[in-house]
Amino acid sequence: MAVKKKRAPVTAIVSIASLIALWWLGSLLAGPDSLPPPARVVGIIMDEAVNGDLFFHTGVTLWRVVASFTISMIAGITIGFLMGGFRKINEIFDPWLLFFLNLPALVIIILAYIWMGLTEIAAITAVAINKIPNVVVTIREGARTMDRGLQQMASVFHFGWWKKLRHVIVPELAPYIAAATRSGVALIWKIVLVVELLGRSNGVGFQLHLHFQLFDIASIMAWGLTFIIIMQIVELTLIQPFETWVNRWRK
């Protein structure tokens with residue numbers, strides 16, 4: 001029996017083409033000064049790539065995204081597992097979690113810069129603190145739904161700490177880690193841009209701030225579009241394959 005080919009790529013191409021067509025039509029209606037056409041924005045991207053600024057500033061921003069993402073995932077997974085697995089720890093720290101979940105990101109960023117100065121450590125710390133509570137919530141729910149029977153079986157067969165972590169805990173938490181990863185990447189890069197806009201002298205956020213002062217809409221759209229494309233590449237090449245690998249047992 002022949003297997004039909006997936007048409008998802010074709011659908012995606014048509015969808016993107018439709019979006020570009022709407023953008024072009026909107027530019028005609030609103031005027032190129034209010035909404036620059038796609039060709040003009042792409043031209044700016046090419047110019048920035050030729051002079052090297054595109055690669056430098058996007059590279060700096062990506063470094064901040066990776067650093068803050070790594071810190072927030074390690075801390076969030078650890079805290080979430082402890083809160084989900086131990087009732088007393090959850091009772092003690094649940095008010096803390098609610099506090100940080102409702103603390104505005106902008107407040108955290110401003111305080112980090114005031115307390116630690118306009119430094120790289122302050123920027124990455126501010127982003128990580130903003131993301132950690134969201135990771136904790138996701139992982140805590142995963143820890144609560146873990147099969148206690150599997151953990152008891154691991155104890156009966158005298159699994160060591162590392163073996164139990166690798167073969168029991170991590171596989172059960174993997175779908176929740178994947179969910180936290182997806183939401184984490186989507187949230188962190190947006191916060192990184194705000195951090196750069198407020199207190200860094202490089203990065204995509206800094207470029208957005210610079211062109212905002214010049215009322216250069218085309219350049220603002222160019223830098224924004226550039227980073228959206230980069231994050232879409234990350235989504236397609238890293239996040240989606242990771243989710244597929246994590247959920248392979250469901251097939």
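We're numbering straight along the sequence, starting at 1.
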Open item on the list: Would you say CG of L236 has more than 12 non-hydrogen atoms from neighbouring residues, nucleotides or ligands within 6.0 angstrom?
Closed with: yes

Task: Between CD1 on residue I108 and CG on residue L103, distance to nearest 0.5 Å - done: 4.0 Å

- [ ] If the plane angle is over 60° it's perpendicular, under 30° parallel, otherwise tilted; pick one for F215 and F212.
- [x] tilted

Task: Aromatic ring pairing F86/F81, orientation class (parallel under 30°, perpendicular over 60°, tilted between) - done: perpendicular

Open item on the list: On a heavy-atom basis, which atom in A218 and which in R40 lie closest, and how many Å separate them?
Closed with: CB-NE, 3.7 Å

- [ ] List the atom of A123, the atom of R200, and the distance in Å for their closest heavy-atom pair.
- [x] CB-CD, 4.0 Å

- [ ] Treat each ILVMFWY residue as a node, draw an edge where side-chain heavy atoms are under 4.5 Å apart, and state whether I233 and L54 are in one component.
- [x] yes

Open item on the list: For the CG atom of N130 and the CD1 atom of I191, what is their distance to the nearest 0.5 Å?
Closed with: 4.0 Å

- [ ] Considering non-hydrogen atoms only, spot the tightest contact between I217 and P36 and give its length.
- [x] CG2-CD, 3.6 Å

Open item on the list: With a 4.5 Å cut-off on side-chain heavy-atom distances among I, L, V, M, F, W and Y, is there a chain of contacts connecting M73 to I124?
Closed with: no

Open item on the list: Testing V137, V135, T145, I77 one by one against Y176 for a side-chain contact (heavy atoms from CB on, under 4.5 Å), which residue passes?
Closed with: T145

- [ ] Answer yes or no: is there a side-chain heavy-atom contact under 4.5 Å between W23 and M221?
- [x] yes

- [ ] Report yes if the side chains of H209 and E196 come closer than 4.5 Å at any heavy-atom pair, otherwise no.
- [x] no

Open item on the list: Rounded to the nearest 0.5 Å, what separates atom OG1 in T61 from atom CG in L208?
Closed with: 8.5 Å

Task: Single-linkage hydrophobic cluster L19~I229, side-chain heavy atoms < 4.5 angstrom - done: no

Task: Contact summary for I132 and S72, nearest pair of heavy atoms - done: CG1-CA, 3.6 Å

Open item on the list: I'd like to check E235 versus V185 (side-chain heavy atoms, cut-off strictly below 4.5 Å). Are they in contact?
Closed with: no

Open item on the list: Set out, in order, the CA-CA distance, both residues' side-chain angles and the distance that settles side chain to side chain contact (heavy atoms under 4.5 Å, CB included) for R140 and D94, then state yes or no.
Closed with: CA-CA 11 Å; R140 181 177 65 176; D94 188 62; 2.8 Å; yes

- [ ] Verify side chain to side chain contact (heavy atoms under 4.5 Å, CB included) between E48 and H57, making sure each step is shown before the conclusion.
- [x] CA-CA 10 Å; E48 295 290 352; H57 290 287; over 6 Å; no

Task: From CD1 (I45) to OG (S219), nearest 0.5 Å - done: 10.0 Å

TODO: Using the side chain to side chain contact (heavy atoms under 4.5 Å, CB included) rule, take V136 and M83 through it: C-alpha gap first, then chi angles, then the decisive distance, then the call.
DONE: CA-CA 8 Å; V136 171; M83 290 182 68; 3.8 Å; yes

Task: Greater than 12 external heavy atoms within 6.0 Å of M116's CE - done: yes

- [ ] Enter the distance from I44:CD1 to D216:CG here, rounded to the nearest 0.5 Å.
- [x] 5.5 Å

Open item on the list: Testing the basics here: between G26 and L35, what is the closest heavy-atom pair and its distance to 0.1 Å?
Closed with: C-CD2, 3.5 Å

Task: Same apolar cluster (I L V M F W Y, side chains within < 4.5 Å links), L98/I89 - done: no

Task: Single-linkage hydrophobic cluster I139~I71, side-chain heavy atoms < 4.5 angstrom - done: no

Open item on the list: To check you understand the geometry: which heavy-atom pair defines the closest contact between W223 and D53, and what is its length?
Closed with: CH2-O, 3.5 Å

- [ ] Quick one: do N134 and S183 satisfy side chain to side chain contact (heavy atoms under 4.5 Å, CB included)? Show the steps, please.
- [x] CA-CA 8 Å; N134 300 90; S183 63; 5.6 Å; no

Open item on the list: Strictly distance-based, threshold 3.5 Å: is any side-chain N or O of S15 a donor or acceptor partner for the main-chain N or O of T11?
Closed with: no

TODO: Taking the side chain as every heavy atom from C-beta outward, state whether F93 and I79 have any atom pair closer than 4.5 Å.
DONE: no

Task: Sub-4.5 Å side-chain heavy-atom contact between V194 and I109 - done: yes

Task: For V127, the option from V65, V195, L187 that meets side-chain contact (heavy atoms from CB on, under 4.5 Å) - done: V195

TODO: Drop me the distance from F56's CZ to N202's CG, to the nearest 0.5 angstrom.
DONE: 4.5 Å

